[in-house]
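One structure below.
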Amino acid sequence: PLYDELKRLNYNYEQKTCLKLCYQKEVIKKCLCYDTDYKAIFDDNLFDSSACTTLEDVGCMNSVYNNFSPEICYQKW
């Protein structure tokens, strides 16, 4: 699943890219928006949400970032 998505986007697998994708998916899941700092590594078709732009969105992203752990990714993928 995740590897296939990276391959589809023509990226070589790197742990940091995998973690960025995992983090972005957590932001989308919990905040219902995406972190624009990480959008550059993905294409527009990956996102079914809008950019995080409000103060509430930013607060949610900060919460996801502060609680983010690579173990979250390893458990899911």
key: Atom pair OG1/CD of T36 and Q24 - distance to nearest 0.5 Å   = 8.5 Å
inquiry  = How long is the straight-line distance from CG of D37 back to NZ of K20, given to the nearest 0.5 Å?
reply    = 10.0 Å
inquiry  = State whether cysteine residues C31 and C60 meet the disulfide criterion of an SG-SG distance below 2.5 Å.
reply    = yes
message = SG to SG below 2.5 angstrom is the rule I want applied to C73 and C22. Does it hold?
response = yes
Where is the tightest heavy-atom contact between [X] and [Y], given as atom of each residue plus distance?
X   : Y   : value
F68 : Y23 : CE1-CA, 3.5 Å
T53 : D57 : N-OD2, 3.0 Å
V27 : C52 : CG1-SG, 4.0 Å

query = Partners of S69 by side-chain hydrogen bond (donor to acceptor under 3.5 Å, both in side chains), sequence neighbours excluded?
reply = E71
key: Single-linkage hydrophobic cluster V64~L32, side-chain heavy atoms < 4.5 angstrom   = no
ask   = Any side-chain heavy atom of K30 within less than 4.5 Å of one from E26?
value = yes
note = Contacts of Y65 meeting ring pair (Phe, Tyr, Trp, His ring centres under 6.0 Å) (sequence neighbours excluded), chain-then-number -> none
inquiry  = Given 3.5 Å as the limit, does a donor-acceptor pair link the side chain of N62 with the main chain of G59, or not?
reply    = no
